[in-house]
Amino acid sequence: MKDKTSDSRLVFENVSHSFGEVAVVKDMDLTVISGEVVVLVGPSGCGKTTILNLLSGYIEPVSGTIQREGIIRTVYQSDGLFPWLTVSENISLGLRSLKNASHHKKEMDDLIELIHLEGFENHYPHQLSGGMRQRVELARVLAGDSDILLMDEPFSALDYQTRLRMRRELIRLLEKRPRTVVFVTHDIEEAAQLADRVLVLSSRPATIRRELIIKAPRPRDLTDRAVIEAMKEILTELGL
Amino acid sequence: MKKNNNIKPPGSEISANPEKAISNNFRKSRYPRFGLPTLVLFGILLIWFIISYTNLFPAYALPSPGAVWKSFLEEIMAGRLINDIIASLWRVAVGFVLSAALGIPTGLWLGQHLRARQAFVPMLNFFRFLSPLAWIPFAILWFHIGDKPAIFLIFMATFFPLAMATMAGVATIPSIFFRVARDYNYKGFELLSKVTFPAVLPQVITALRVSYGISWVVIVAAEMVGCQDGLGYGIWEARNGLRLDSAVCYMIIIGLLGMGIDRLLAQLTKLPTVRWGYER
C-alpha cells in the first residue's frame with residue numbers, strides 16, 4: 001500500500017492533436033502536480049477524452065511533448081471491469097506487482113472493506129448494480145502502487161442519486177489513499193464538488209479557456225457557497 | 001365449461017378459484033417444457049402409426065413403428081448398433097477435437113493480425129463454402145478406408161467455420177478490454193490467454209455447438225463411402241438390403257445422439273466465467 005503521491009506529475013507542453021483534418025487539441029499547456037485533483041469540463045465533443053488518451057499514453061500527440069511520471073490508471077465510464085473475472089479477481093489486476101501472497105490477501109481485504117463490498121468478492125460484474133461496479137473500478141485503480149488516476153466520466157452512466165453518493169465515496173477513498181487525479185466530466189456539479197482546480201475547455205479544438213481554483217475543503221455539499229459560486233462561474237464560462 | 005375457459009381471460013379464473021390457480025401455475029412452470037414436446041412426439045408417432053396401419057404407402061417404402069422397434073432390438077442383440085455408435089462417436093470426437101485445437105488458435109491469431117486477415121480470409125471463405133462432401137474423393141484416395149477419411153472430412157467441415165467464428169469474435173471484443181489490459185501491463189501470450197481468449201469464449205462455445213452440429217451431419221455421409229462400420233454405414237447397408245426399418249432405426253439413433261451431445265455442450269454455457277456472455 002502506498003500513501004504518498006511522491007513524484008507523480010503530468011505535463012503537457014504545447015500539445016496539439018488532430019484526427020486527419022480535424023484538429024482536436026490545440027497548443028495546450030497543462031501541468032498536474034502531485035496530489036492534485038484537476039477536473040476538465042467542456043462541451044460535449046470538445047476533445048476531453050482525447051486529452052485523457054494523450055495523458056495516459058494511449059495515443060501520442062501530433063506535436064508537442066508530454067511528460068508522465070508515475071503509474072497511471074484509468075477509470076472508464078462503464079464496462080471497464082473484465083466480465084469473466086469476479087470482483088476480487090478484477091481488483092487483483094491492480095495488485096499484480098504484489099508478489100507476496102499474504103500482502104496480497106491483506107491488501108485485497110482492505111480494499112473490499114474500503115468500498116463496502118464485503119460478501120461480494122466472488123460475484124461477477126454482471127451480478128452487481130452500476131454503482132457497485134464503479135466502486136470495484138475505484139478499488140482496482142487504487143490498489144497497489146498506482147500514482148495517477150485518470151477518470152473518464154466515471155459516474156455519468158449512473159443515476160443521479162448514485163452519482164451524488166459516488167462523489168462522496170471518491171472523496172472518502174482519496175482521503176484514505178491520496179492520488180493525483182485528472183477527472184473529465186460534462187457535469188458541472190461534479191467539477192465544483194470534487195476539484196482543486198477546474199479547467200474549462202473551449203469547443204473543438206480544445207483549449208483551456210479558464211482556470212478556476214476552488215480552495216474550500218472537501219467533502220463539499222452541493223449547496224455550499226463555494227460550490228454554487230464555482231458552478232456559476234463555470235456556467236458563465238460555458239455560455240449557459 | 002371448457003368453452004367458457006377459452007373465452008375468459010386467464011387472469012379472471014385465477015382470482016376466482018384458488019385451486020385452479022395452483023393447477024394453472026403448475027401448467028405454466030413444468031407442463032410446457034416437458035409436456036408439449038412429449039405431446040408433439042406422440043402426435044407424430046400416432047400419425048406414423050395410422051399411415052402405416054392404413055397402408056397409405058407400401059410397407060417397403062415406409063416401415064411401420066413396430067418394424068422399426070423390432071429391427072432396433074435385432075441390431076442391439078447383434079451388437080452392431082452399439083459398435084456403430086462407438087465408431088461414429090470416436091470419429092466425430094477425434095475430428096472435432098483436432099479442428100477445435102487448430103481452428104480456435106487460428107481464429108485468435110487472425111483476429112489479432114490485420115495483415116494475416118487480409119491474406120487468409122478470402123481463402124478461408126473459399127474453403128468454407130466448399131461442401132465437405134466435395135472432399136470425399138480425396139479423402140478416400142489419401143486415407144483409404146477406415147477412421148481416417150471420416151476424421152479428415154469432419155475436420156474439413158468444421159475447421160473453417162470455427163476459425164472464422166473465433167476470428168469474428170475477436171474482432172468484436174470491445175476495445176475497452178484492451179485498454180484496461182494495457183493499464184495493467186498485459187502483453188504477449190498473457191494478453192492472449194487472460195484477456196482475448198476469455199473475452200471471446202462465449203462466442204467460441206456457440207461456434208463449437210454449431211460446428212459440432214455440422215460434424216454430426218457430415219459423419220453420416222462420410223461413413224457411407226469410406227467406412228466399414230458406423231451409423232452412416234449402417235444406413236447405407238440398410239439401403240443395400242432394402243431394410244428401411246433398419247435405416248429409420250439408425251436415423252432415430254443419430255438424431256437422439258446428436259441432441260444429447262448438444263445438451264452436453266450446452267452445459268458449457270453455464271460455466272461462471274462465460275455466463276456474462278449470455279446474460280446481456
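Residue numbers begin at 1 in each chain, while the letters A, B, ... track the order of the sequences. None of the values given here were measured: they were computed from a predicted structure.
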When you measure from the side chain of [X] to the backbone of [Y], do you find a donor-acceptor pair of N or O atoms at a distance under 3.5 Å?
| X | Y | result |
| --- | --- | --- |
| A:Asp152 | A:Gln77 | no |
| B:Trp216 | B:Ile254 | yes |
| A:Glu121 | A:Gly119 | yes |

Could you tell me whether the side chains of A:Thr180 and A:Ser8 share a donor-acceptor contact shorter than 3.5 Å?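 Judged by distance alone, the side chains do pair up.
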
Can you tell me which portion of [X] sits under 4.5 Å from chain B's heavy atoms? Options are side chain, backbone, both or neither.
| X | answer |
| --- | --- |
| A:Tyr58 | both |
| A:Leu85 | neither |
| A:Arg96 | side chain |

Could you tell me which portion of B:Val180 (side chain, backbone, both or neither) has an atom closer than 4.5 angstrom to a non-hydrogen atom of chain A?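 Contact with chain A is through both the backbone and side chain of B:Val180.
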
Pick one of side chain, backbone, both or neither for B:Pro202, based on which atoms fall under 4.5 Å of a heavy atom in chain A.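 Answer is neither: B:Pro202 stays 4.5 Å or more from chain A.
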
Applying salt bridge (charged side-chain N to carboxylate O under 4.0 Å, His left out), run through B:Asp183 and A:Arg140 and close with a yes or a no. CA-CA 11 Å; B:Asp183 280 357; A:Arg140 186 170 72 179; over 6 Å; no

Between B:Val274, B:Asn185, B:Val195, the one whose heavy-atom pairs under 4.5 Å with chain A are most numerous: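 Looking at each of B:Val274, B:Asn185, B:Val195 in turn, B:Val195 comes out on top.
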
